[in-house]
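Structure first, then comments.
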Amino acid sequence: MKSVTILGIESSCDDTSAAVLRDGILLSNVIANQQIHASFGGVVPELASRAHQQNIIPVVSEALKRAEIDKTELSAIAFTRGPGLLGSLLVGTSFAKGLAQSLEIPLVDVNHLQGHVLAHFISENKPDERKPKFPFLCLLVSGGNSQIIVVEDFDKMQVIGQTIDDAAGEAFDKCAKVMGLPYPGGPHIDKLAKDGNPIKFAFSKPNIKGYNYSFSGLKTSFLYFLRDKLAENPDFISQNLNDLCACLQATVVDILMKKLILAAKELNINEIALAGGVSANSALRQALIDFGQKYKWNIFIPPFAYTTDNAAMIAMAGYFKYLKNDFCKLTEVPFARVTI
Ligand code: KG4
């Protein structure tokens, strides 16, 4: 059988990424991060799309070079169609369309969130690779999403719970900002929390039914707590930074895990996976390991490279669609908002 070689393109937010996958095996995955946003304390959409314009051709060329293939060997181009920032998505979408048309090969549109879930199927051709079995539960946690998804097949996913306000990553980033930490704050909190006491302070936890999440109450409780403490002691944050980070992180992880445990019990599913940027969090990873042992789950934690936005997951998701001849017309447009 002829090999299937997919070029994946990801440009939904502030990372420009391209990856090459051959017969389901990853050959290259190149990511250009945009440092420009750090000084603004968050992603500036206008700057993100301009940086994608600068990065896209060098990133794709590098991905082809590292994969040691010529563009004429490509079978299809998979691109992120949404959700994301529209200006950023337009850069990847237009590039993918132009290249697909010039090479006369199919175009495959990929839902970014499905890409995160399917990152678990990326193969680097290593002997010890494990893949989740269907159906599995995936906790998808990022800067924009906190969802529990029942994954029944590569193309059949159902969101059974999601945040009704802020996402978990947003809670980390906003609380980090209040403490004066750089953007994005999640990784800084993770690092500082390692030397902190996670039970020193208590913050509010939501009390909502079902599998939905809420993080805005925690954010407000954290803000008011600091306001009161700073009124008594202006150095409160610097004197308690590690403990504050450890307690905040423990609260977020507790909120996330409670609903995941509930879903696993009620749906009787014991294949449990993590995905998205926040799945890089060391306490969340450890909690999944600990609860996995307690409840006898088969757990799946993605390698760090595939937790944040990357084109390897887009190429992987595109590969499954390619095998089903599920192609996208050249007249299709990206979507800023779209669910799984
Ligand atoms: O999936 P992702 O790369 O993209 C967006 O959703 O935009 O996720 C980014 C989020 C940010 O909120 C960032 O603070 C968070 O993931 N994040 C972390 C860690 N690494 C990234 N949060 C907590 N601990 C980490 N180690």
Side-chain angles (χ1 to χ4, degrees), residues 10-17 29 31-35 37-38 40-45 48 51-52 80 82-86 88-89 110-120 138-147 149 162-163 166-179 181-194 196 198 213 215 218-219 222 244-257 273-288 301-314 336-338 340:
E10 156 65 30
S11 73
S12 64
C13 189
D14 60 339
D15 292 313
T16 320
S17 181
N29 182 40
I31 304 175
N33 307 114
Q34 302 179 0
Q35 302 305 332
H37 308 286
F40 293 93
V43 176
V44 184
H52 282 306
T80 302
L85 301 171
L86 200 61
S88 292
L89 290 164
V110 172
N111 178 309
H112 180 81
L113 302 175
Q114 289 196 357
H116 272 300
V117 174
L118 297 177
H120 286 284
C138 186
L139 173 65
L140 172 56
V141 268
S142 68
N145 293 279
S146 298
Q147 302 185 327
I149 302 159
Q162 59 193 323
T163 182
D166 291 349
E170 219 173 334
F172 273 128
D173 296 342
K174 287 180 176 169
C175 293
K177 196 171 178 181
V178 176
M179 291 188 284
L181 298 174
Y183 176 87
H188 296 279
I189 291 180
D190 191 350
K191 208 167 157 204
L192 289 160
K194 290 193 194 328
Y213 288 116
F215 288 98
L218 167 62
K219 185 187 66 190
F222 191 75
L244 283 167
C245 290
C247 295
L248 177 69
Q249 179 174 271
T251 311
V252 172
V253 170
D254 188 57
I255 296 170
L256 289 172
M257 289 308 300
L274 276 185
V278 180
S279 68
N281 184 267
S282 56
L284 182 59
R285 288 173 166 244
Q286 192 55 49
L288 196 75
I301 301 177
F304 283 110
Y306 309 134
T307 57
T308 45
D309 293 345
N310 66 87
M313 67 185 194
I314 302 303
R337 289 180 181 275
V338 59
I340 257 181

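Worth saying up front: this structure is predicted, and the values here are computed from it rather than measured. All ligand and atom numbering here is 1-based and tracks the order in the structure.
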Contact check: [X] vs ligand 1, nitrogen or oxygen atoms, below 3.5 angstrom:
X: Gly143; value: yes
X: Ser142; value: yes
X: Pro184; value: no
X: Gly185; value: no

Tell me the protein heavy atom at minimum distance from atom 21 (C) of ligand 1, and give that distance in Å.
Gly277 O, 3.3 Å
Distance from atom 15 (C) of ligand 1 to nearest protein heavy atom, with residue and atom:
Val278 CG2, 3.9 Å
Side chain, backbone, both or neither: which part of [X] has a heavy atom under 4.0 Å from ligand 1?
X: Asp173; answer: side chain
X: Gln249; answer: neither
X: Asn281; answer: both

Which atoms of ligand 1 are found less than 4.0 Å from any heavy atom of [X]?
X: Gly169; answer: 12 (O)
X: Phe172; answer: 22 (N), 23 (C)
X: His116; answer: 1 (O)
X: Gly186; answer: 14 (O), 18 (C), 19 (C), 22 (N), 23 (C), 24 (N), 25 (C)
X: Asp190; answer: 24 (N), 25 (C), 26 (N)

Do the side chains of [Y] and [X] get nearer than 4.5 Å, heavy atoms only?
X: Val117; Y: Met313; value: no
X: Gln34; Y: Val43; value: no
X: Gln162; Y: Ile340; value: no
X: Gln249; Y: Leu192; value: no
X: Leu139; Y: Tyr213; value: yes

What's the verdict on side chain to side chain contact (heavy atoms under 4.5 Å, CB included) for Glu10 and Val110, showing C-alpha distance, side-chain angles and the deciding distance?
CA-CA 9 Å; Glu10 156 65 30; Val110 172; over 6 Å; no
